[in-house]
Amino acid sequence: MSAETDLASFRPKSDFLQVLKERGFIHQVTDLEALDEAARAGVVTAYVGYDCTADSLHIGHLISIMMLRWLQKTGHRPIALMGGGTTKVGDPTDKDQQRPLLTDAVINTNLASIKGTFQKFLRFGDGPTDAVMVNNADWLEQLGYVEFLREFGVHFTINRMLTFDSVRIRLEREQPLSFLEFNYMLMQATDFLELNRRFDCSLQMGGSDQWGNIINGVELVRRKGGRQAFGLTTPLLTTSSGEKMGKTVGGAVWLNADRLSPYDYWQMWRNTEDADVGRFLRLFTDLPLAEIAKLEALAGAEINEAKKVLAGEATRLLHGENEAVAAELAARLNFEDGRISADLPTVTVERSSYPHGLSNTDLVVLAGLAPSNSEARRKIAEGAVRVNDSKVSDPREVTPWSAAHAELGVLKVQLGKKKIVLVKPI
RNA sequence: GGGGGAAUGUCCCGAGUGGCAAAGGGGGCGGACUGUAAAUCCGCUGGCGUCAGCCUUCGUAGGUUCGAGUCCUACUUCCCCCA
C-alpha cells in the first residue's frame with residue numbers, strides 16, 4: 001500500500017521516520033505505522049542496493065546515502081549492498097536498451113572504487129548500529145538455475161511482472177527486453193530475503209524508480225516466512241525547473257574526486273537554483289532544520305550566501321574539511337577577487353612537446369574544455385575563451401610559456417564565465 | 001506461412017520526394033541581461049585543416065547512376081493486418 005496520501009498528516013513516533021519525513025526523504029512507504037513502531041521499539045536494519053556499473057557513484061546515489069546516514073544517526077543499522085551479482089544482469093529500469101554486459105574484472109574494479117564513498121558517510125564496524133557492506137555476488141553466484149527457479153521462481157507470476165514500470169515502459173515503448181534483464185527483479189528480491197535471513201534486515205530503501213523491485217522483495221520475504229519487511233522510496237531528484245539533477249563541465253556529477261574535482265563539486269552546489277536551496281540543504285546536509293529555515297528565507301541575491309553554505313557542507317561531507325575550504329577559497333579568489341588559485345582544476349603539459357608554447361586551440365583542447373579542435377575553434381569564434389584573463393579571437397595565436405603566471409607557473413584558460421582550467425607546463 | 005509499414009546527424013524526437021553535412025524541435029554549450037540563480041532574447045551544436053578544401057555519417061551488405069538518406073536486391077531488428 002502506498003502511504004502517499006496519509007504521509008502529510010502522519011506523526012512519526014520514531015526519530016528515524018521523523019527526520020526522514022521532515023527533511024523530505026520519503027516518497028512512498030509500504031506500511032508507515034508498522035515501520036514507525038519497529039523503529040521506535042528497537043534497532044532496525046535497513047539496506048540500499050548499489051550496482052557497480054561505473055567506477056564511481058554519482059549524485060543520484062547521494063540521496064539514498066544520506067538516508068543511510070540518518071538511519072545510523074538515529075540509532076539503526078545501515079547495510080550498503082553492492083550489486084556485484086546483479087550488475088551482471090543489469091537493471092532494465094528506464095533504459096531503452098540493454099546495457100553492455102560487464103566482465104567480472106570490471107565489476108570488481110568498480111566495486112572497489114565505490115567502497116570509499118560509503119566510508120565518508122557511514123561508520124563501519126562490528127557494533128550493533130555499525131554499518132555493514134556486503135556483495136550480493138556472494139549468494140547469487142552460488143545458486144544453480146534450477147534451484148533458483150524452484151526456490152524463488154514459483155513466487156513470481158509473469159502476469160504481475162509485466163505490470164511493473166520497469167518492464168511495462170520498455171514494452172510500451174516497443175523496445176526489446178531480454179530474458180536476462182527480465183530476471184533482474186527476481187534477483188533483487190532474493191537479495192532482500194537473503195539480508196533478512198543473514199542480518200535480520202527488515203527495510204529496503206531506494207529511489208522511486210525502485211518501488212516495484214522493492215515491493216517484490218517485501219513480498220518474497222513474507223512468502224518465505226521471514227519477519228515483516230518494509231519498503232521505502234525517495235522522491236526522484238530533479239531541479240525546480242524540472243531537469244534531472246547533475247551536470248557539470250564533464251557531464252555527470254561523480255562522487256569520486258578523481259572523476260570530479262572537489263572544486264567542481266563545490267561549484268555544482270554553488271550553482272543551485274534559488275528555488276532548490278532549502279530542499280537541497282535538507283536532503284544533502286546535516287544542518288539543523290532551524291538553521292536551514294533561516295538560510296532559505298534569504299531573499300534576492302542574499303540567497304547566494306545560503307548556496308555557499310550548501311556547497312560547503314555538501315563538499316565537506318564527501319571530500320572532507322580541507323577540500324571544502326580550499327574549494328570555497330578558490331571560488332572566492334576567482335569570482336569575487338578576480339585572482340587565481342592553485343586549487344583550480346589543473347592539467348599538466350610536457351613543455352618539451354610544445355617548445356614554443358600553445359596555440360589557443362591547443363589550450364582549450366588540452367584543458368579539456370572542448371572535445372575536438374573544431375569545437376575549440378568554434379568556441380574561440382564565439383568569443384567564449386579567455387587566456388590569462390584576456391579574450392582571444394585567433395585560434396592559431398600561440399601563447400608562449402613565458403606568459404605563465406609568475407608564482408604558480410600556469411596558464412589560465414577560461415571557457416565562458418565559470419569553467420576555468422589551469423595548464424601547467426612540466 | 002501471406003501482406004503492409006518502420007529504422008535518419010550514436011543524447012533524444014523528427015522532416016527528408018536523385019545534388020545533402022542533410023529542415024525543425026528538445027537537450028547541451030556560448031553570448032546578452034543578472035546575483036556564479038531562474039525566466040527571456042540571440043548564436044553555435046560531425047571530424048581534420050596551411051581555411052582552399054579534404055574525410056566520415058542516414059539499420060547491415062551489395063547494386064543502378066556523373067551523383068544515393070532518397071531507386072533496386074538480399075539480410076537484421078521492430079510494429080500492424082490476414083492465416
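So that the names make sense, note that chain A is the first sequence line, chain B the second, and so on, each numbered from 1. For the numbers below, each heavy atom of this structure counts, side chains included, while hydrogens, waters and symmetry mates do not.
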Chemist: Begin with the C-alpha distance, continue with both residues' side-chain angles, and end with the deciding distance and a verdict on salt bridge (Lys or Arg N to Asp or Glu O under 4.0 Å) for A/Asp286 and A/Lys73.
Modeler: CA-CA 10 Å; A/Asp286 292 337; A/Lys73 282 166 91 92; 3.6 Å; yes

Chemist: Is the phosphate of B/G49, meaning OP1 or OP2, less than 4.0 Å from a side-chain N or O of A/Arg378?
Modeler: no

Chemist: Using the side-chain heavy atoms of A/Ile303, tell me which of these nucleotides is nearest: B/U36, B/G35, B/U34.
Modeler: B/G35

Chemist: It should be established whether A/Lys418 places a side-chain nitrogen or oxygen under 4.0 Å from OP1 or OP2 of nucleotide B/A37.
Modeler: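 For A/Lys418, the contact criterion (side-chain N or O under 4.0 Å from OP1 or OP2 of B/A37) is met.
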
Chemist: Across the strands shown, which category fits A/Ala381 at heavy-atom distances under 4.0 angstrom: base, sugar-phosphate, nothing?
Modeler: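 It contacts nothing in the nucleic acid.
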
Chemist: Can a side-chain donor-acceptor contact be found between A/Gln204 and A/Gln188 if the only test is distance below 3.5 angstrom?
Modeler: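 The answer is yes; a qualifying pair exists.
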
Chemist: So, does A/Asn373 get its side chain near the phosphate of B/G47, meaning an N or O under 4.0 Å from OP1 or OP2?
Modeler: no

Chemist: Side chains of A/Ser14 and A/Asp36: any donor to acceptor distance under 3.5 Å?
Modeler: yes

Chemist: Is there a donor-acceptor contact under 3.5 Å linking the side chains of A/Ser64 and A/Tyr50?
Modeler: yes

Chemist: I'd like to know if A/Glu336 reaches the base of B/U36 with its side chain such that a donor and an acceptor end up less than 3.5 angstrom apart.
Modeler: no

Chemist: Across all strands shown, which nucleotide pairs with B/G1 by Watson-Crick or G-U wobble geometry, both distances under 3.5 Å?
Modeler: B/C82

Chemist: Side chain of A/Asp274: nearest nucleotide among B/A37, B/U36, B/G30?
Modeler: B/A37

Chemist: Please determine, for the side chain of A/Asn304, which listed nucleotide (B/G35, B/G30, B/U50) has the closest atom?
Modeler: B/G35

Chemist: Establish, with yes or no, whether the OP1 or OP2 oxygen of B/A37 is under 4.0 angstrom from a side-chain nitrogen or oxygen of A/Thr272.
Modeler: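 Looking at the OP1 and OP2 atoms of B/A37, neither is under 4.0 Å from any side-chain N or O of A/Thr272.
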
Chemist: Are A/Asn110 and A/Ser113 close enough that a side-chain donor and a side-chain acceptor fall under 3.5 Å?
Modeler: no

Chemist: Could you check which of B/G30, B/C48, B/A38 has an atom nearest any side-chain atom of A/Ala384?
Modeler: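 Nearest to the side-chain atoms of A/Ala384, counting from C-beta on, is B/G30.
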
Chemist: Measure CG/A/Leu310 against C1'/B/A37 and give the value in whole Å, please.
Modeler: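 Taking atom C1' of B/A37 as the reference, CG of A/Leu310 is at 13 Å.
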
Chemist: Return the value, rounded to whole Å, for the distance between atom CZ of A/Arg396 and atom P of B/C48.
Modeler: 15 Å

Chemist: Out of B/U36, B/U34, B/G43, which has the shortest distance to the side chain of A/Lys417?
Modeler: B/U34

Chemist: Need one value for A/Ser374: base, sugar-phosphate or nothing, where a base atom within 4.0 Å counts as base even if backbone is also close, heavy atoms only.
Modeler: base

Chemist: OP1 or OP2 of B/G30 sitting under 4.0 Å from any side-chain N/O of A/Lys419?
Modeler: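 Affirmative; the distance criterion is met.
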
